[in-house]
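To keep things clear, I will list the structure first and then write my remarks on it.
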Amino acid sequence: MRLFFGCFLPPPIIADLTKLYQELGTIKAKLVEPHNLHLNLVFIGEVKESDLAKVIKIGELAASQNHILKIKLAGYDLIPNKQKPRVLAIKTKADQEFNLLQKCLSQNLAILGYITNIKPAHLTLARLKSAIINPLPDFNPFFANISKFSLIKSQLTFSGPIYTPLQSFKLAS
């Protein structure tokens, strides 16, 4: 099964982003469904069923050793670049706790033999079908406190990914 550790967003943040979606109506893109909006902590990839309990233990250990995350949603980002963007995302500025949590998860997954690729935090809004011609609407930065993260199963389908939380982990206060 294809897994990653990620943070689903609190309902007030999802509501703000849903309002932003209405302003993005002119771009040709597949918008990420509001219930799928998340920050990726560590992408693991294919995990053997026999390792699932160990991966859950890694999440439990990391949650007990790390604290609430403070994230600033700072503005738009075009991935991989502005010349040939495929993804419209929101740049985030994560606090040190976010980086420590990523490192903790990644190091413990490596012990199991899973080599992870830690990327800077971002929030995917849409997969672009063509270049963005018109300027993007204004973006007023806002902050989110994240008190838990999840181990998430990612199933890819023709209509888009299906994310299923397998286990949630509450961060230490």
Side-chain angles (χ1 to χ4, degrees), residues 2-25 27 29-44 55-56 58-80 82 85-109 116-128 132 135-154 160-173:
R2 187 174 187 260
L3 302 179
F4 67 93
F5 284 107
C7 306
F8 287 107
L9 298 173
I13 301 296
I14 291 174
D16 288 342
L17 292 171
T18 301
K19 290 176 194 168
L20 184 63
Y21 276 5
Q22 295 166 357
E23 297 175 31
L24 294 172
I27 66 169
K30 179 177 183 326
L31 298 172
V32 174
E33 296 85 0
H35 65 274
N36 278 339
L37 290 169
H38 69 278
L39 295 167
N40 191 332
L41 282 164
V42 175
F43 181 77
I44 308 167
V55 172
I56 289 172
I58 288 170
E60 290 170 348
L61 175 67
S64 71
Q65 295 177 342
N66 289 277
H67 301 281
I68 292 174
L69 311 174
K70 292 176 179 49
I71 306 291
K72 177 182 180 184
L73 302 173
Y76 297 109
D77 195 12
L78 295 171
I79 300 171
K82 291 179 183 177
R86 292 189 327 239
V87 171
L88 173 63
I90 293 179
K91 291 184 270 191
T92 62
K93 295 190 179 184
D95 65 356
Q96 185 61 24
E97 292 295 331
F98 190 91
N99 299 328
L100 291 172
L101 179 56
Q102 282 184 309
K103 187 176 179 180
C104 179
L105 291 166
S106 185
Q107 287 175 340
N108 285 303
L109 288 164
T116 60
N117 184 3
I118 295 178
K119 295 182 179 182
H122 70 274
L123 174 68
T124 298
L125 285 180
R127 304 217 180 276
L128 301 174
I132 295 177
L136 292 167
D138 290 338
F139 186 91
N140 295 318
F142 52 98
F143 296 86
N145 290 329
I146 308 290
S147 60
K148 66 181 180 177
F149 66 96
S150 299
L151 177 62
I152 302 166
K153 179 180 177 183
S154 172
I162 299 171
Y163 298 134
T164 307
L166 300 179
Q167 183 80 34
S168 289
F169 311 96
K170 188 171 176 12
L171 292 159
S173 299

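As the structure is a computational prediction, the values presented were derived from the model and not from experiment. Values reported hereafter were calculated over all heavy atoms of this structure, with side chains retained and with hydrogens, waters and symmetry mates removed.
How far CD1 of Ile79 is from OG1 of Thr124: 5.5 Å, rounded to the nearest 0.5 Å. Rounded to the nearest 0.5 angstrom, Ile146 CD1 and Ile71 CD1 are separated by 6.0 Å. Considering CG of Leu166 and CZ of Phe5, their distance stands at 9.5 Å, rounded to 0.5 Å. For the atom pair CG (Leu41) and OG (Ser106), the distance works out to 11.0 Å, reported to the nearest 0.5 Å. Rounding to the nearest 0.5 Å places CG of Leu3 at 12.0 Å from OG of Ser150. Summarising the geometry, atom CG belonging to Asn36 is positioned 12.0 Å from atom CG belonging to Leu31; distances are rounded to the nearest 0.5 Å.
Across every non-hydrogen atom of Gly59 and Leu105, the tightest pair is CA-CD2, 4.2 Å. Minimum heavy-atom separation, Arg127 to Val87: NH1-CG2, 3.4 Å. Counting all heavy atoms, side chain and backbone alike, Pro85 lies closest to Pro80 at CA-CD, 4.3 Å.
Between Ile68 and Ser147, some side-chain heavy-atom pair lies under the 4.5 Å cut-off.
Take His38 and apply the ring-ring contact (aromatic ring centres under 6.0 Å, His included) test, not counting sequence neighbours, and it matches Phe4, Tyr163. With sequence neighbours excluded, the residues that form a side-chain hydrogen bond (donor to acceptor under 3.5 Å, both in side chains) with Ser154 are Arg2. Applying the side chain to side chain contact (heavy atoms under 4.5 Å, CB included) test to Lys30 and every residue at least two apart in sequence or in another chain returns Glu33, Lys129. Among residues two or more places apart in sequence or in another chain, the side chain to side chain contact (heavy atoms under 4.5 Å, CB included) test is passed with Gln107 by Lys103. In terms of the side-chain hydrogen bond (donor to acceptor under 3.5 Å, both in side chains) criterion, Thr164 has no residue partners (sequence neighbours excluded). For Phe142, the ring-ring contact (aromatic ring centres under 6.0 Å, His included) partners two or more places apart in sequence, or in a different chain, are Phe139. Contacts of Gln22 classified as side chain to side chain contact (heavy atoms under 4.5 Å, CB included), with partners at least two apart in sequence or in another chain: none. For Phe98, there are no ring-ring contact (aromatic ring centres under 6.0 Å, His included) partners two or more places apart in sequence or in a different chain.
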Solution key, residues 7-21 side-chain donor-acceptor pairs under 3.5 Å, sequence neighbours excluded:
from, atom 1, to, atom 2, distance (Å)
Thr18, OG1, Ile14, O, 2.8
Tyr21, OH, Val32, O, 2.5
Tyr21, OH, Leu125, O, 3.4

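For residues 63-77, no residue pair satisfies the side chain to side chain donor-acceptor pair (under 3.5 Å) rule, not counting sequence neighbours.
With Phe169 as the fixed residue, the side chain to side chain contact (heavy atoms under 4.5 Å, CB included) test singles out one of Leu61, Leu101, Leu151: Leu151.
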